[in-house]
Amino acid sequence: MIVVGGGNAALCAALSARDEGAEVLLLERAPQEERGGNSSFTEGLMRIVYRGADDIKALSPELTVAEMASDFGTYTEEQFFDDMARITQNRTDPDLCEILVKNSNDIMHWIKGKGIRFLPQFGRQSFKVEGQFKFWGGATLAAVGGGPGLVDGLYRAAGKAGVKILYKAWARDLVHSDEGVSGVVVKVDGVTQTLHARNVILACGGFEANAAWRSRHLGRGWDLAKVRGTRYNTGDGLEMAMRIGAQPCGHWSGCHSVGWERYAADFGDPAVTDDYERDSYPFSIMVNAEGRRFLDEGADIRNYTYAKYGRVILDQPEQFAWQIFDAKVKHLLRPEYSSKHVTRVTAKTVEELASKLDGVDAGQVLTTIREYNAAVTRGVPFNPNVKDGLRTEGLQIPKSNWANPIDTPPFEGYAVTCGITFTFGGLRITTEGQVVDTNHQPIPGLYAAGEMVGGLFYFNYPGATGLTSGAIFGRLAGKSAALAALSQGRG
Ligand SMILES: Cc1cc2nc3c(=O)[nH]c(=O)nc-3n(C[C@H](O)[C@H](O)[C@H](O)COP(=O)(O)OP(=O)(O)OC[C@H]3O[C@@H](n4cnc5c(N)ncnc54)[C@H](O)[C@@H]3O)c2cc1C
C-alpha cells in the first residue's frame, strides 16, 4: 500500500494498515526536517466526546489530584453533533459526521496505544476563575508536545511498526486503468519514478498553500492570505485524483481562516507560527481601516468563531484590522500577544491609541469606541469562561458577550490580517474511506483521508476537529484498504 502525505491523517492510515498486516510505503513530499504537514503546526488539540473527569483521566493517567479538581464538564455525542450541524449551517454530511462523532473518544485511546500522551490544555481552553479551571468543553485534551509531539510520536510508532518512509517524495500522478488505481508516479529527491501498490491512500492535504488555486476557488483577494501552516499542501492530491475522475465534494469556496499577525511570513514557520495567533479577540473590539467595527467579537466562545473570522478580515478594506484591548483584560491575553512577533501599539489614552493605529481613520475610531462604551449594558458580571451575556445594546453590529467598556489605560492595539489554515473542499468518499468518481462509483484502489475529505466542514469549523477527523478517517482508510486488498486479492 502507498500512503501519500506525511501528516496526522497519513500516519494514522499507515499505522492502521500495518495493524491489518499490509506492507506500507509512506511518501512525504517535505524533507525530514519539515515533515508532518499542518499537523506539526498544531497545538495537538483534539475535540472528542467525553462523559466527565473519568474519561479525561483514562486518557491522561498522569493528572495530579489538584489538576483533577478542575471542572472538565462533559461533551456528549449530542453536543458534538449539534456543534457540527450548527457550525456548518446543517450542511455537514450526516454519515461522515456520524463516523467522526462516534469514533472520537475511541480514536484517542488508539493513538494513545501508539505511544502518544495527552494532557488538558489548562489556560488555553479554560480560564482559572475563583481558584478552579473550568473547561469550555469538547476541545480539552492536547498531545503532549503539541503538534510536533503528536507527529514525532506517530513517526516513531510508524518506524517501529515497519512502515517504510520516503522523504522528499513528491507524488505527481496516479497509475490508473479500468481496474482502478495501482500506483503512484513520484519524484523522489528529483528523480521521477513509478511505484506500484495494491491500494493508494491520499492524505496529502488541501490547496491552502497554492495562491493560484486559492484565488480560483476561494475568490478574489485570497491569493494574498497568509498561510498558517505547511507550504507543501498545494492541492496535488486533489488534482491527481480529479484527473482520473474523482468527484469533488464539499465547500470548495470555503476554508478555515483566522485573524493572524498582519506582517506574518507568507507560510508557516515552525519557529514562530505560534506567535502569530491572535485569538483573544472575544475580549477586544476590532476596527477596520475606516475605524469601524465589522463583526461581533463576542458572538460565541473562541472555538466557534475564530475559524470564520479570517474571511471577514480579508473582506475589509486593505485586508487588515486592529484588535483593541484595555488593561482590564490584559491578563486574559494568550501568551503569543507578549511575543516579539506582534505588531502592537500601546497608549495612555484612547486618543493617543487612535492616532497610533496605522492606516486607520483615527477620528472614526474615537467615535466607534465612544458609541461602543455607551452601548455596553451595566450590571452584568464579566466571566471569560462562559457566554456571560455582558453585551451591547442598540449598536448596528452588536458585541454579544464579554462587552467590557474600553476605558482603563493602558490601551493596546494589535494589527491582524487573514491567515488561512486549510481548505474545506475535498473528494467524496464512501463510509469506508474509498474515493468516489463523478459517475458516483467507488474507484477501486483509491482512498482519501484528512483535509482531502470533502463534505464535513462548511462555512466554519468547531475548533480542534481537524486532527480528530484526520486520525479517524486515516485509520478508516488504512483498515479498509488493507482489508480490501486481502478480500479482493487486488494486485
Ligand atoms: C497553525 C495551525 C494550528 C492548528 N491547530 C490545530 C489543533 O490544535 N487541532 C486541530 O484539530 N487542528 C488544528 N489545525 C488543523 C490541522 O492542522 C489539520 O486539520 C490537520 O493537521 C490535517 O491533517 P492532514 O494529515 O490531512 O494534513 P497535513 O498534516 O497538512 O499533511 C499533509 C501532508 O501531505 C504532504 N504532501 C502534500 N502534497 C504532497 C505530494 N504531492 N506528495 C507527497 N506528500 C505531499 C505534506 O507535506 C504533508 O506532510 C491547525 C492548523 C494550523 C495550520
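These values consider heavy atoms only, across backbone and side chains, with no hydrogens, waters or symmetry-generated copies. First listed ligand is number 1; within each ligand, the first listed atom is number 1. We count residues from 1, following the sequence as given. Please read these numbers as outputs of a predicted model, since none were measured by experiment.
Taking the centre and axis of the six-membered ring of F320, the NZ or CZ atom of R262 falls inside the cone set by 45° and 6.0 Å. Both the sub-6.0 Å distance and the 45° axial angle are satisfied by R302 relative to the ring of Y306. Both tests pass for R172 against the ring of W170: distance under 6.0 Å to the centre and angle within 45° of the axis.
Each of the following atoms of ligand 1 lies closer than 4.0 Å to a heavy atom of F41: 1 (C), 2 (C), 3 (C). Of all atoms in ligand 1, numbered sequentially from 1 with element shown, those under 4.0 Å from a heavy atom of G7 are 25 (O), 29 (O), 31 (O), 33 (C), 49 (O). Close approach of ligand 1 to D236 (heavy-atom distance below 4.0 Å) involves ligand atoms 41 (N). Ligand 1 places these atoms under 4.0 Å from at least one heavy atom of L27: 43 (C), 44 (N). The distance from ligand 1 to the heavy atoms of G44 drops below 4.0 Å at these ligand atoms: 8 (O). Below 4.0 Å from some heavy atom of A169 lie the following atoms of ligand 1, by number and element: 42 (N), 43 (C). Close approach of ligand 1 to T465 is summarised as follows: ligand atoms under 4.0 Å from at least one heavy atom of the residue are 11 (O).
Scanning the protein heavy atoms around atom 13 (C) of ligand 1, the nearest turns out to be T42 CG2, 3.4 Å. Considering only non-hydrogen protein atoms, atom 9 (N) of ligand 1 sits nearest to L45 O, 2.8 Å. Nearest non-hydrogen protein atom to atom 21 (O) of ligand 1 is S39 OG, 2.9 Å. Scanning the protein for heavy atoms near atom 12 (N) of ligand 1, the closest one is Y461 OH, 3.5 Å. For atom 36 (N) of ligand 1, the closest non-hydrogen atom on the protein side is C204 CB, 3.5 Å. Looking at atom 33 (C) of ligand 1, its nearest protein heavy atom turns out to be G6 N, 3.4 Å. Scanning all protein heavy atoms for the shortest distance to atom 19 (O) of ligand 1 gives G466 CA, 3.3 Å. The protein heavy atom nearest to atom 22 (C) of ligand 1 is E451 OE2, 3.4 Å.
In the model, Y155 has no side-chain atom that pairs as donor or acceptor with a side-chain atom of Q32 under 3.5 Å. Looking only at atom types and distance, the side chain of Y232 has a donor-acceptor partner in the side chain of E34 under 3.5 Å away. No hydrogens or angles considered: a donor-acceptor pair under 3.5 Å links the side chains of R47 and Y75. For the residue pair S339/E336, the side-chain donor-acceptor check at 3.5 Å is not satisfied.
Note that CE of M286 is 4.5 Å distant from CD1 of I313, once rounded to the nearest 0.5 Å.
Note on ring orientation: taking the six-membered ring where Trp is involved, the planes of Y461 and F424 are parallel (angle under 30°, cut-offs 30° and 60°).
Contact annotation: G450 has at least one heavy atom less than 4.0 Å from an atom of ligand 1. Residue E28 places a heavy atom under 4.0 Å from ligand 1.
Neither the backbone nor the side chain of A142 has a heavy atom within less than 4.0 Å of ligand 1. At a heavy-atom distance under 4.0 Å, no atom of V186 approaches ligand 1. Contacts with ligand 1 closer than 4.0 Å are made by backbone heavy atoms (N, CA, C, O) of A203 only, the side chain lying farther away.
Remark: the backbone N or O of D296 is paired with a side-chain donor or acceptor of Y309 at under 3.5 angstrom. No donor-acceptor distance shorter than 3.5 angstrom exists from the side chain of R18 to the backbone of A158, with no hydrogens or angles considered.
Dense packing is recorded around CD of E67, with more than 12 heavy atoms of other residues, nucleotides or ligands lying under 6.0 Å away.
Any N or O atom pair closer than 3.5 Å counts here, and N38 shares at least one such pair with ligand 1. No N or O atom of T230 sits closer than 3.5 Å to an N or O atom of ligand 1. Of the polar atoms of T273, none of the N or O atoms is found under 3.5 Å from an N or O of ligand 1, judged by distance alone. The N/O atoms of R29, backbone and side chain alike, include one that comes under 3.5 Å of an N/O atom in ligand 1. Residue contacts with ligand 1: A171 is placed with a nitrogen or oxygen under 3.5 Å of a nitrogen or oxygen of the ligand (distance criterion only). Considering both main-chain and side-chain atoms, N233 comes within under 3.5 Å of ligand 1 through a nitrogen or oxygen pair.
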Test log, rule salt bridge (Lys or Arg N to Asp or Glu O under 4.0 Å), inputs D266 and K226: CA-CA 5 Å; D266 285 347; K226 307 281 184 183; 3.7 Å; yes
After noting the C-alpha distance and the side-chain angles of R214 and D223, does the key distance pass the salt bridge (Lys or Arg N to Asp or Glu O under 4.0 Å) rule? CA-CA 6 Å; R214 284 202 306 272; D223 39 351; over 6 Å; no
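A salt bridge links E23 to K164: at least one charged side-chain nitrogen sits closer than 4.0 Å to a carboxylate oxygen.
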